[in-house]
Novice: 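Just dropping this structure here.
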Amino acid sequence: MVKISIVYDSNFKGQTAALAECVAEGARTVEGAEVHVLHVDDVDDNWSTLHTSDALIFGSPTYIGSVSGKFKLFAEKLAGEVWLKRMWKNKFAAGFTVSAGQSGDKMNCLTQMIVFASQMAMIWVPQHALGGKYSTAGSDKDINRLAGYLGAMAQANIDEPADIAPPESDRETARMHGRHVTQVAAQFIVGQTTLPFQEETPFDAEGEGRPLTLPELSG
Ligand SMILES: Cc1cc2nc3c(=O)[nH]c(=O)nc-3n(C[C@H](O)[C@H](O)[C@H](O)COP(=O)(O)O)c2cc1C
C-alpha cells in the first residue's frame, strides 16, 4: 500500500484541477495505491491525510510567473511544526503546473515547489518522460511536448474551458508523472522495510492534526 496526496490550487478556469485529476488517474494505476486529491482550500480538514501520505504531489497554476497566492499560503502553513519537527522528512514530493504561455515562466513555479519540498526535507521526483517536439518530426501531440523535467508542465489556452485545455498530450504527461511518482514511493516503502533508517526514529504521523504555525511556536 502506498498513500499519495495531490494538493493543488486552481482559481481561474479549473485547468490545474483538470490536470490534478490526470495525475491522480496515473497514480491509481499503481496496484495498492490510495490516492487523495485535495484543493488547498480543503487542506485544513485533511491534515492527517497529508501527514500520513508517502508522497505529496503539488499542483499550482502559474500566476505572474509564480505559484499562486493560495498555494503559497498553504506552503507557509508548514513553516512551523512540520518544518521544525521534520514531520515530512523523506516523503516524496513532485509537482505540476499549468500556464497560458508556452513558457509562461512555469519553471519558476516548479522551482519554488522544489525549494519548498527541500525545506521540508522531502525527496523530489522529477518528471521522467523524455521531452517531445524537439524537431520538425515533433508535434503538440507529443508526450512532454514542453520538454520540462522538474515536473509536469502543461499549457492551456486562456479562451478554452478546462475540459479541452490543457490538451490531451499534457494530460497524458501528467498521468505518467502521477504513476511514476507513485511507483517510486512504493519502491521506497519496500526498501525502508528491508533497510530502515538507523540514525533516528521516523516521525509518527498517525493522529496528527493541524500543525502549529511559526507564530504559535515562537510565542
Ligand atoms: C492572476 C493570473 C496570473 C497569471 N499569470 C500567468 C503567467 O505569469 N504566465 C502565463 O503563461 N499565464 C498566466 N496566467 C494564466 C494561467 O496560468 C492559466 O490560465 C492557467 O491555466 C490557469 O489555471 P487555473 O484555471 O487552474 O487557475 C495567469 C492567470 C491569472 C488568473
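Just so you know, ligand 1 is whichever comes first in the structure, and atom 1 is the first atom listed for that ligand. Quick note: numbers below take in every heavy atom, side chains included, and nothing from hydrogens, waters or symmetry partners.
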Novice: Passes side chain to side chain donor-acceptor pair (under 3.5 Å), Ser60 versus Asp9? Steps please.
Specialist: CA-CA 5 Å; Ser60 172; Asp9 185 29; 5.4 Å; no

Novice: In sequence, state the C-alpha distance, the side-chain angles, and the governing distance for Glu81 and Arg86, and then conclude on salt bridge (charged side-chain N to carboxylate O under 4.0 Å, His left out).
Specialist: CA-CA 8 Å; Glu81 200 175 12; Arg86 313 275 77 192; over 6 Å; no

Novice: Check the orientation of His128 and His180. Use parallel for under 30°, tilted for 30 to 60°, and perpendicular for over 60°.
Specialist: parallel

Novice: Checking Thr111 now: which residues fulfil side-chain hydrogen bond (donor to acceptor under 3.5 Å, both in side chains) with it, not counting sequence neighbours?
Specialist: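 Expected list: none.
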
Novice: Using a 4.0 angstrom limit on heavy atoms, which residues are close to ligand 1?
Specialist: Ser10, Asn11, Phe12, Lys13, Gly14, Gln15, Thr16, Pro61, Thr62, Tyr63, Ile64, Gly65, Val98, Ser99, Ala100, Gly101, Gly104, Ala156

Novice: Using the test ring pair (Phe, Tyr, Trp, His ring centres under 6.0 Å), find all partners of Trp47 that sit at least two apart in sequence or belong to another chain.
Specialist: His51

Novice: Got a list of side-chain donor-acceptor pairs under 3.5 Å for residues 185-196, not counting sequence neighbours?
Specialist:
{"residue": "Thr193", "atom": "OG1", "partner": "Ile189", "partner atom": "O", "Å": "2.8"}
{"residue": "Thr194", "atom": "OG1", "partner": "Val190", "partner atom": "O", "Å": "3.0"}

